[in-house]
Amino acid sequence: MPIPNAADAPLLLTDADVLRRVTDLVGTAAVVRQLWVMFVDGDCRQTPVVMPISDLPEHPESGPLDGLAVVLAGLREELTTDLGPGSVILTLERRGPEAVLPSDREWRRALTLTCERAEIGLRGLFLSTDAGVRRIA
């Protein structure tokens, strides 16, 4: 999914900038469960591609996370600029209450480890629910 006018989008300099971008692009949960992956280069500019991964199970599974780690590791060099390394923003979207559920905490741990294995920075991990978007890591 391309971001409209990605070249003109404001830089993601602060945590508030990142939260606003996730809120603008993902917003309130609309599907049962999916993961949104956004890429940020070393200049703090979001790339024009947003990658939704649908049909997520309620609990993390190693196979798909292994694949995600390979993809993220493969993009690490492309996201690096003269100003620094790139990073990712991850948003777990799920219908339901605003509270962080045990399965959300499982996903938070699994996704954090996936980024560590891929050796890519995690700019933020968010949860999109029926109540909106909130940071969970």
Side-chain angles (χ1 to χ4, degrees):
M1 169 184 296
I3 301 167
N5 304 315
D8 298 329
L11 296 178
L12 298 172
L13 301 173
T14 67
D15 288 345
D17 295 337
V18 176
L19 175 60
R20 191 170 22 261
R21 184 69 51 83
V22 171
T23 300
D24 289 346
L25 293 177
V26 177
T28 302
V31 299
V32 173
R33 186 177 308 279
Q34 72 180 347
L35 177 68
W36 293 87
V37 183
M38 300 173 200
F39 305 97
V40 180
D41 71 17
D43 296 335
C44 297
R45 185 172 308 285
Q46 184 182 353
T47 68
V49 175
V50 176
M51 185 173 76
I53 302 171
S54 59
D55 297 324
L56 286 186
E58 183 175 353
H59 303 280
E61 298 174 355
S62 61
L65 290 172
D66 291 342
L68 179 60
V70 169
V71 169
L72 296 178
L75 292 172
R76 191 175 54 234
E77 189 173 315
E78 289 182 42
L79 294 172
T80 299
T81 68
D82 290 341
L83 293 178
S87 59
V88 293
I89 300 167
L90 302 174
T91 304
L92 179 63
E93 177 184 6
R94 65 143 174 85
R95 298 298 312 266
E98 175 182 20
V100 178
L101 304 176
S103 61
D104 301 329
R105 287 190 280 281
E106 286 179 46
W107 275 105
R108 179 179 60 205
R109 281 189 298 275
L111 291 168
T112 299
L113 287 172
T114 298
C115 290
E116 289 173 4
R117 285 182 30 228
E119 298 179 3
I120 193 163
L122 179 57
R123 184 68 190 272
L125 181 54
F126 297 86
L127 177 65
S128 166
T129 65
D130 295 351
V133 174
R134 66 185 288 184
R135 179 182 283 274
I136 59 173

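We use all heavy atoms of the structure for the numbers below, so side chains are in, but hydrogens, waters and symmetry mates are not. Just so we're clear, the structure is a prediction, and the values are computed from it rather than from any experiment.
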Check [X] against [Y] and note the closest heavy-atom contact, atom names and distance.
X	Y	result
W107	E58	NE1-O, 2.9 Å
T129	P97	CG2-O, 3.4 Å
L13	C44	CD2-CB, 4.0 Å
G124	R135	CA-NH1, 3.4 Å
G132	T28	CA-OG1, 4.0 Å
I120	G86	CG1-O, 4.1 Å

Donor-acceptor pair, distance only, cut-off 3.5 Å: does the side chain of [X] make one with the backbone of [Y]?
X	Y	answer
R94	A29	no
R108	L125	no
D43	R45	no
R21	M38	no
S128	G27	yes
D130	G96	yes
R134	E98	yes
D104	L101	yes

Please name the residue in the list L12, V50, V37 that meets the side chain to side chain contact (heavy atoms under 4.5 Å, CB included) test with I89. L12
[atom1] of [X] to [atom2] of [Y]: how many Å apart, nearest 0.5 Å?
X	Y	atom1	atom2	result
R117	D66	CZ	CG	4.5 Å
D24	L19	CG	CG	9.5 Å
T81	D41	OG1	CG	5.5 Å

Is any NZ, NE, NH1 or NH2 atom of the basic residue among D17 and R20 found under 4.0 Å from an Asp or Glu carboxylate oxygen of the other?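 Yes, charged N to carboxylate O under 4.0 Å.
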Single-linkage hydrophobic cluster, 4.5 Å side-chain cutoff, M51 and L92 together: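 Same cluster.
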V32 and V26: same hydrophobic cluster, using ILVMFWY side-chain contacts below 4.5 Å? no
For the pair C115 and V88, evaluate side-chain contact (heavy atoms from CB on, under 4.5 Å) and give the outcome as yes or no after the intermediate values. CA-CA 8 Å; C115 290; V88 293; 3.8 Å; yes
Could you check W36 against L25 for side-chain contact (heavy atoms from CB on, under 4.5 Å), going step by step and ending with a plain yes or no? CA-CA 10 Å; W36 293 87; L25 293 177; over 6 Å; no
Pair T23-F126, side-chain contact (heavy atoms from CB on, under 4.5 Å): steps then yes or no: CA-CA 10 Å; T23 300; F126 297 86; over 6 Å; no
Start with the C-alpha gap between L35 and L68, add the side-chain angles, then the distance that decides, and say whether side-chain contact (heavy atoms from CB on, under 4.5 Å) holds. CA-CA 11 Å; L35 177 68; L68 179 60; 4.0 Å; yes
